[in-house]
Protein chains: 2
Amino acid sequence: MSTATVESRPYHHGDLSRALIEAARKILETDGPAALSLRAVAREAGVSPAAPYHHFKDKAELLDAVAHEGWHELDAALSKARGENNAARDQMTNLGVAYVCFARDNPALYRVMYDCSRDRDALPDQLKDDGAYCQVRDTIGENSGGRATEIDLELATIAAWCAGHGLAEMISFKQFAPLKDLLGGEEAFLRAVFEHLGMFAKVIDQDPA
Amino acid sequence: MSTATVESRPYHHGDLSRALIEAARKILETDGPAALSLRAVAREAGVSPAAPYHHFKDKAELLDAVAHEGWHELDAALSKARGENNAARDQMTNLGVAYVCFARDNPALYRVMYDCSRDRDALPDQLKDDGAYCQVRDTIGENSGGRATEIDLELATIAAWCAGHGLAEMISFKQFAPLKDLLGGEEAFLRAVFEHLGMFAKVIDQDPA
DNA sequence: CGCCAATCTGAACGCCGTCAAGATAATCTT
DNA sequence: AAGATTATCTTGACGGCGTTCAGATTGGCG
């Protein structure tokens, strides 16, 4: 109930673009990024290797579409984390933890997202207009006691984003395993790291706990 | 004076392993990671496509060797930055800036370094014994007023490393260009971001400037 | 119904990583 | 010094990849 369009290959297939994207995501989850070839995607969707070229000019363009979905889902994950609101620094830590957990739970998708960004030397513009990036900025803004300039806000957001991404890329590294155990699990480890960043100290009200 | 062993192909070539590594690095610098195929490396070194298999069991093993050199050079870059010593927070910022500048100046090499790490879900162990990683830890340790537990030190190092890596991967993103101009250049931008991390607040003496 | 444009297939190109068989040269043994 | 052993390199092949192109098929529109 999942592989290809087994049921009597329709004439023109209906919606190949969507089917290709879903096939790509399935391969990503199942076999990882290394197994994600255009030919494999076409195979999984039940079409010939050349068929995708009528919907995407490139392999890269297909991956872009997959990445686009990924950014949307990351956005949703951060929204959810922001819904459960705590105060100031905790709220930022929660956001960071949610970000890294998304990357940990969708490693292949996360990799595709950033591979696409690297290839164009930029994060997708959508992020800055109403996406995950501005959720971080808004959260920082809401918690800065009004004493944050526009530039400080931007810099703090960049700092937060970079820290989150760096941790996201390393969270599964085996060297951290002993520390995770020591601190009582992966999420506790994440919180501890984020707190050691002394994150956004310049912008967010500090409670000297 | 650089391409292959043009001078009368010697019988057995002498030191192919080294030649292959250098060929790989040259291709990386010249044409980027996408052009780095084993066959291209062999071509550049002036040998047949199968020759490398007598020195590396895999393409991955060749890349490992290249990455190994990269980590060594990063180590050297951080050492140099640590030599020009300033006080506490500045010293840490300098280390971070040096790290990101290394990545910016050797983008393809840096990518190979982390690609190898990702494939094995771990940073090279050498880093923790006497490499770049422990330079960061030592610097933090030296500047913590003695009130840093072993665990705090480790967490602060991880936090610093992740932040550096995240920034290193994004430093060339076009969205940051306006901010760089506004702050008077890329290095000023880097310093500003690092300072907004409020980095290592838990561990390093804070001067309330 | 007939035509056009969109969609899909089949076969091909050049590239890739890798391997097995054979040639060649350095090294070791005596 | 000569022969045997081993390390090194080449040739040729395999399957898989991204991509293209000519031709078949089909849906939509007049």
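Only a predicted model underlies this, so the values are computations on that prediction, with no experimental measurement involved.
- Distance alone, capped at 3.5 Å, is enough to place a donor-acceptor pair between the B/H196 side chain and the B/A192 backbone.
- Here C/dC16 presents its C1' atom at 14 Å from CG of B/L63, a figure rounded to the nearest Å.
- Going from atom CG of A/D15 over to atom P of D/dG27 covers 15 Å, rounded to whole Å.
- For the side chain to side chain contact (heavy atoms under 4.5 Å, CB included) test with A/Y133, the passing option among A/L74, A/I158, A/D75, A/L78 is A/I158; the others fail.
- In summary, the side chains of B/N106 and B/E73 do not present any donor paired with an acceptor at a separation below 3.5 Å, with no hydrogens or angles considered.
- Following rounding to the nearest Å, A/F56 (CZ) and D/dT20 (P) show an atom-to-atom distance of 16 Å.
- The side-chain hydrogen bond (donor to acceptor under 3.5 Å, both in side chains) test applied to A/K128 returns A/E154, not counting sequence neighbours.
- In this structure, B/L16 atom CG and C/dT24 atom C1' are separated by 15 Å, rounded to whole Å.
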Its contact letters, B for base, S for sugar-phosphate only and - for none at protein heavy atoms under 4.0 Å, make nucleotides 12-19 of chain D read -B---BBB
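- Rounded to an integer number of Å, the gap from NE2 of B/H54 to C1' of C/dA25 is 13 Å.
- Within a 6.0 Å sphere centred on CD of A/E187, other residues, nucleotides and ligands contribute 12 heavy atoms or fewer.
- Not counting sequence neighbours, the partners of B/Y114 by the side-chain hydrogen bond (donor to acceptor under 3.5 Å, both in side chains) test are B/Y99, B/W161.
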